[in-house]
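Just so you know, ligand 1 is whichever comes first in the structure, and atom 1 is the first atom listed for that ligand. Just so we're clear, the structure is a prediction, and the values are computed from it rather than from any experiment. Note that the numbering runs from 1 along the sequence shown for the chain.
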Amino acid sequence: MSEQPIAVITGASSGIGAATAVALHNAGFKVILGARREDKLKEVAATLENAEYHVLDVADAASVEAFCAKIPRANVLINNAGGAWGLETIANAVDEKWEWMYDVNVLGLMRMTRALLPKLEESGAGHILNVGSIAGREAYVGGGGYNAVKFAVKAITQVMRLELVGKPIRVTEVSPGMVETEFSLVRFDGDTERAGKVYQGLQPLVAEDIADCIQWAVTRPPHVNIDEIVVKPLAQASASVAFRKL
Ligand code: NAP
């Protein structure tokens, strides 16, 4: 019997990462989950037979090294950990917030990929899937720091495809629009009222919608590389234009 494929998912303690853990488990993967909140990881893993979880801070090189040392082999890496912090204009930009966004969304993605590339190649049919954003395609007022990191994710994804051509590793970017997760709570420092307004008067996507796209991309035959998926709610036309029934 062939070995069960392994999918490593970062940021799996909530939102898109947690839903992806379920979707890839259902697609036959053994899932290995990472994030900083161990209690949340435990909850996600509890419902998934033979799922593993380990604390992971992608912004900390030593944590990435320790996490990846526990992974015996890997077929799929879902670089999902990330997020936005703040919505200040550039005139009011806060260094700490920009640094955090760069560390998690960009350096974290690079560190995880660099550490697991040998194992993905050894698998003979590896796949790296980066969770980008429509913020990586379109600028919006107040988006400076987050736009910058998600445009970077798009660029890094393209570089990966160029550098890995000829190797058995597929490279995909999934770029969501509005998805109701903990994303806006994190962006607005836990302000539930402000976070709620982001989704007011429209039906946003849910994490499972994105997990569905990820599962689809990952389960195509190994010679088929889905380069990019951009997915938005019906009511969202662009990063800054949405129809709201208020
Ligand atoms: P979420 O519910 O806030 O999930 C973010 C995940 O990232 C959490 O599991 C969080 O876990 C993890 N994370 C944050 N910092 C981390 C770190 N330093 N090390 C390891 N894990 C870390 O938001 P989400 O919407 O599911 O976000 C997932 C991805 O989708 C992000 O890359 C985000 O930028 C992207 N995205 C979201 C939307 C949207 O509208 N929601 C749209 C486009 C793209 P811990 O706090 O436990 O570490």
For ligand 1, which atoms sit closer than 4.0 Å to a heavy atom of V131?
29 (C), 30 (O), 35 (C)
Nearest to atom 5 (C) of ligand 1 by heavy atom, G83, A81, G82: which?
G82
Q203 atom CD, over 12 foreign heavy atoms within 6.0 Å
no
What heavy-atom pair brings K232 and A237 nearest, and what distance separates the two atoms?
CE-O, 3.4 Å
Per-residue contact class, K150 against ligand 1 - non-hydrogen pairs under 4.0 Å
side chain
Under 6.0 Å from the NZ atom of K42, do we count more than 12 heavy atoms belonging to anything else shown?
no
Proximal atoms of ligand 1 relative to G177 (non-hydrogen, under 4.0 Å):
38 (C), 39 (C), 40 (O), 42 (C), 43 (C)
Rounded to the nearest 0.5 Å, how far apart are CD1 of I78 and CD1 of I128?
10.5 Å
Does V58 reach ligand 1 with a nitrogen or oxygen that is under 3.5 Å from one of the ligand's nitrogen or oxygen atoms?
yes
Ignoring hydrogens, just give me the one of A84, P204, S133, S13 whose non-hydrogen atom is nearest atom 10 (C) of ligand 1.
S13
Proximal atoms of ligand 1 relative to L56 (non-hydrogen, under 4.0 Å):
19 (N), 20 (C)
Ranked by distance from atom 40 (O) of ligand 1, the top protein heavy atom is V179 N, 2.9 Å
In terms of residue, atom name and distance, what is the protein heavy atom nearest to atom 28 (C) of ligand 1?
N80 OD1, 3.1 Å
With a cut-off of 6.0 Å (strictly less than), are more than 12 heavy atoms of other residues, nucleotides or ligands near CD of Q158?
yes
Considering non-hydrogen atoms only, spot the tightest contact between A239 and I134 and give its length.
CA-CD1, 3.6 Å
In terms of heavy-atom contacts, does CD of Q4 have more than 12 from other residues, nucleotides or ligands at under 6.0 Å?
yes
May I ask you to identify the nearest protein heavy atom to atom 23 (O) of ligand 1, giving residue, atom name and distance to one decimal place in Å?
T181 OG1, 3.3 Å
Would you mind running through ligand 1 and noting each atom that sits below 4.0 Å from a heavy atom of D57?
17 (C), 18 (N), 19 (N)
Counting only nitrogen or oxygen atoms and a 3.5 angstrom limit, does W100 reach ligand 1?
no
If you draw a 6.0 Å radius around CG in L162, do more than 12 non-hydrogen atoms from other residues or ligands fall strictly inside?
yes
So for Y146 against ligand 1, with non-hydrogen atoms under 4.0 Å, the contacting part is side chain
What do you reckon, is OH of Y199 surrounded by more than 12 foreign heavy atoms closer than 6.0 Å?
yes
Out of F183, Y199, F67, indicate the one that has the non-hydrogen atom closest to atom 37 (C) of ligand 1.
F183
Could you tell me, atom by atom, which parts of ligand 1 come under 4.0 Å of a heavy atom of R37?
11 (O), 45 (P), 46 (O), 47 (O)
Just go through A35, A239, S14, G11 and tell me whose heavy atom is the nearest to atom 1 (P) of ligand 1.
S14
Under a 4.0 Å heavy-atom limit, does I16 contact ligand 1 with its side chain, its backbone, both, or neither?
both
Atom 43 (C) of ligand 1 has as its nearest protein heavy atom P176 O, 3.2 Å
Check each atom of ligand 1 against the heavy atoms of G15 and keep those under 4.0 Å away; list them by number with element.
2 (O), 26 (O)
Regarding E122 and R73, does a basic nitrogen lie under 4.0 Å from an acidic carboxylate oxygen?
no
Under 6.0 Å between the ring centres of Y53 and F67?
no
Contact check, S63 vs ligand 1, heavy-atom distance below 4.0 Å
no
Tell me the protein heavy atom at minimum distance from atom 16 (C) of ligand 1, and give that distance in Å.
R36 NE, 3.5 Å
For F188, what residues pass the ring pair (Phe, Tyr, Trp, His ring centres under 6.0 Å) criterion, not counting sequence neighbours?
none
T10/N79 under side chain to side chain donor-acceptor pair (under 3.5 Å): CA gap, chis, key distance, verdict:
CA-CA 6 Å; T10 70; N79 279 316; 4.6 Å; no
Sub-4.0 Å heavy-atom approach of T10 to ligand 1:
no
